Amino acid sequence: MKPESLMMSYGYKPELSQGAIKTPIFQTSTFVFQTAEEGKAFFEVAYGLREKGDQEEMGLIYSRLNNPDLEILENRLTLWDKAEDCAVFESGMAAISTVLLECLKPGDLLLYSSPIYGGTDFFIKNVLTKYGINVLGFKTNQTKEEIKALIENSGFADKLALIHIETPANPTNALIDISMCKEIAKEFSSEESEVLLAVDNTYMGPLWSHPLAHGADFVLYSATKYIGGHSDVIAGACLGSKELMTRIKGLRTFLGNMTSPWTGWLLMRSLETLKVRMEAQALNAEKVALFLKNHEKVEKVYYLGFIPKEDTLNYTIYQKQYESAGAMISFDIKGGEKEAFKFLNKLKLIKLAVSLGSTESLAQHPATMTHIDVSVEDKKANSITEKLVRLSIGVENSDDLIWDIEQALASV
Ligand SMILES: *Cc1c(COP(=O)(O)O)cnc(C)c1O
């Protein structure tokens, strides 16, 4: 069956919870063992001292290790990306930083795409480097040969351990070829050490893009965005093979950055409507993008649905990796910061806030808000100018959204 059919029931047995149709919130720190032998058996499996038997289920021990709300949520999340396993975290940053810490050690080289989410950028440049990890950024429009030359010229080519990318990239929907990155990872792998590839798929969400199918080893989400979808929870997720996720869950146990049962429960509730929400958002986004494209006060629209066929490189990546143009739109307003701010201040229905992927539409100014910390040079290279406005389109009526944008543009 398709994931949307299973989001209400997968992985949950009502008979274990008094017949409740919904998974209860298991607001408990610890779980009672029936016997001391059972407790011993659970711990042996949890600490990897022996393999789990065929009929044996992972026993519940303590909510930092496992909890039904987290496990059922993780099982449901695997369905969208056809992943073997999943780990949920208290934030997207917790998922990302845990993967980076698990895959890198002092002396290693991390290759990452730039620009990247501000929190990730800060963690890479200020935290990883503190532990002696070498970091190297590449730009979304660089070719395979250019990226390989960058790695070779870094002096740490034999230390490359992880490639971390974000595609579509925030805020202009710039694309990166995931399978090309996997080829690079393979070419720099040796028998002793495999270079792994992590893809932050937050900007597109789990419905229309499946990085694992293109060779990624990890797919990462800020579940705060489309997965949560209601601007009321901060959470994250990481998906991949059983083997890799065992490592990630191991570090999560000791960092203690797993989600709480309540957050897990909220995300399960959100997952039931993930597909209908995202489809409505993408339909609205298409209408809004078309309206913006034809407006005299708009200079340029950055929307995946508008990649021209002649731009063969990006058009090919788009066709290969994405089944929808998504619900994120950026546009250049004619003028600069003054005009952009005027527009933002005049919006009535669309809220002036960062974040994305939610039921309500949001607008913000990347150059002075989400991307304020990006260097002047990188801002320029990535079209993050004073005239750029970013929109996350929600589930409102598209006529109302267009009315709001039209009246705000009229005031500029
Ligand atoms: C929001 C976001 C994150 C961070 O997620 P949090 O849940 O805020 O920690 C990471 N990557 C991308 C692309 C994001 O948009």
Side-chain angles (χ1 to χ4, degrees), residues 73 77 81 86-101 110 112-128 137 140 163-176 178 198-209 211 216 218-239 248 252 255-260 262-264 266-267 270 278 281 302 304 321-322 326-330 353-358 362-366 369-374 378 382 384 390-394:
L73 167 65
L77 278 169
D81 277 293
C86 170
V88 287
F89 290 86
E90 201 52 281
S91 69
M93 276 315 302
I96 293 166
S97 55
T98 301
V99 167
L100 293 172
L101 289 173
L110 165 72
Y112 66 98
S113 61
S114 172
I116 200 143
Y117 181 72
T120 312
D121 188 75
F122 189 94
F123 188 81
I124 289 173
K125 289 182 182 150
N126 299 288
V127 182
L128 292 182
T140 45
I163 303 176
H164 177 89
I165 63 170
E166 208 175 290
T167 176
N170 184 4
T172 59
N173 280 313
L175 300 179
I176 301 173
I178 298 169
V199 179
D200 184 336
N201 195 35
T202 301
Y203 215 65
M204 179 54 69
L207 226 63
W208 301 305
S209 162
F218 297 106
V219 56
L220 290 155
Y221 292 102
S222 166
T224 312
K225 314 296 164 58
Y226 288 104
I227 294 173
H230 294 72
S231 300
D232 55 8
V233 67
I234 299 276
C238 171
L239 300 102
I248 298 302
R252 183 185 68 174
L255 292 176
N257 55 3
M258 69 293 154
T259 49
S260 68
W262 168 233
T263 296
L266 275 175
L267 291 178
S270 288
M278 288 186 70
Q281 288 174 263
Y302 304 85
L304 286 178
Q321 285 175 195
Y322 305 100
M328 294 302 297
I329 304 169
S330 286
V354 298
S355 197
L356 60 101
S358 212
L362 302 173
Q364 65 114 356
H365 188 246
M369 295 171 192
T370 49
H371 293 69
I372 190 165
D373 210 26
V374 175
D378 282 351
N382 294 290
I384 306 168
R390 190 187 80 179
L391 300 175
S392 168
I393 303 300

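No experiment lies behind these values; they were computed from the predicted model shown. Scope of the values below: all heavy atoms of this structure, side chains included, with no hydrogens, waters or symmetry mates. Note that ligands are numbered from 1 as they come in the structure, with each ligand's atoms numbered from 1 the same way.
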Under 4.0 Å from a heavy atom of Ser91: give me the atoms of ligand 1 that qualify, with their elements. 7 (O), 9 (O)

Are any of the N or O atoms of Ser222 closer than 3.5 Å to those of ligand 1? yes

Do Leu267 and Leu77 come close enough that some side-chain heavy atom pair is under 4.5 Å? no

Any nitrogen or oxygen of Leu356, side chain or backbone, less than 3.5 Å from one on ligand 1? no

Judging by distance only, is a nitrogen or oxygen of Thr224 under 3.5 angstrom from one on ligand 1? yes

Atom 4 (C) of ligand 1: closest protein heavy atom, distance to 0.1 Å, is Tyr117 CE2, 3.3 Å

Please identify which of these residues, Thr167, Asn201, Asp81, meets the side-chain hydrogen bond (donor to acceptor under 3.5 Å, both in side chains) condition with Ser209. Asn201

Met369 backbone acceptor or donor facing Gln364 side chain under 3.5 Å: no

Quick one, Tyr322 and Pro168 - any side-chain contact, counting heavy atoms below 4.5 Å? yes

Nearest to atom 9 (O) of ligand 1, what protein heavy atom do you find, and at what distance? Met93 N, 2.8 Å

Below 4.0 angstrom from a heavy atom of Ile96, which ligand 1 atoms are there? Numbered from 1 as shown, please. 10 (C)

N or O pair under 3.5 Å between Asp200 and ligand 1: yes

Heavy-atom contact check, 4.0 Å cutoff: does Asn170 meet ligand 1? no

Should Ile234 and Met93 count as side-chain neighbours, where that means a heavy-atom distance under 4.5 Å? no

Please indicate whether Asp232 has more than 12 foreign heavy atoms, meaning atoms of other residues, nucleotides or ligands, lying under 6.0 Å from its CG. yes

Is it the side chain (CB and beyond), the backbone, both or neither of Ala223 that lies under 4.0 Å from ligand 1, heavy atoms counted? neither

Distance filter under 4.0 Å to Gly92 heavy atoms, resulting ligand 1 atoms: 5 (O), 6 (P), 7 (O), 9 (O)

Which of the atoms in ligand 1, numbered in the order shown and given with their element, are less than 4.0 Å from a heavy-atom of Glu166? 13 (C)

What do you reckon, does Thr120 have a nitrogen or oxygen under 3.5 Å from a nitrogen or oxygen of ligand 1? no

May I ask you to identify the nearest protein heavy atom to atom 1 (C) of ligand 1, giving residue, atom name and distance to one decimal place in Å? Lys225 NZ, 1.5 Å

Can you confirm whether Thr98 sits close enough to Phe89 that some side-chain heavy atom of one is under 4.5 Å from a side-chain heavy atom of the other? yes

May I ask you to check whether Asp200 and Thr120 show a side-chain donor-acceptor distance below 3.5 Å? no

Could you tell me which atoms of ligand 1, counted from 1 in the order shown, lie closer than 4.0 angstrom to a heavy atom of Ala235? 7 (O)

Under 3.5 Å: donor-acceptor pair, side chain of Gln321, backbone of Ile176: yes

Close side-chain approach of His371 to Pro171, heavy-atom, < 4.5 Å: yes

Can you confirm, on distance only, whether ligand 1 has an N/O atom lying under 3.5 Å from any N/O atom belonging to Ile234? no

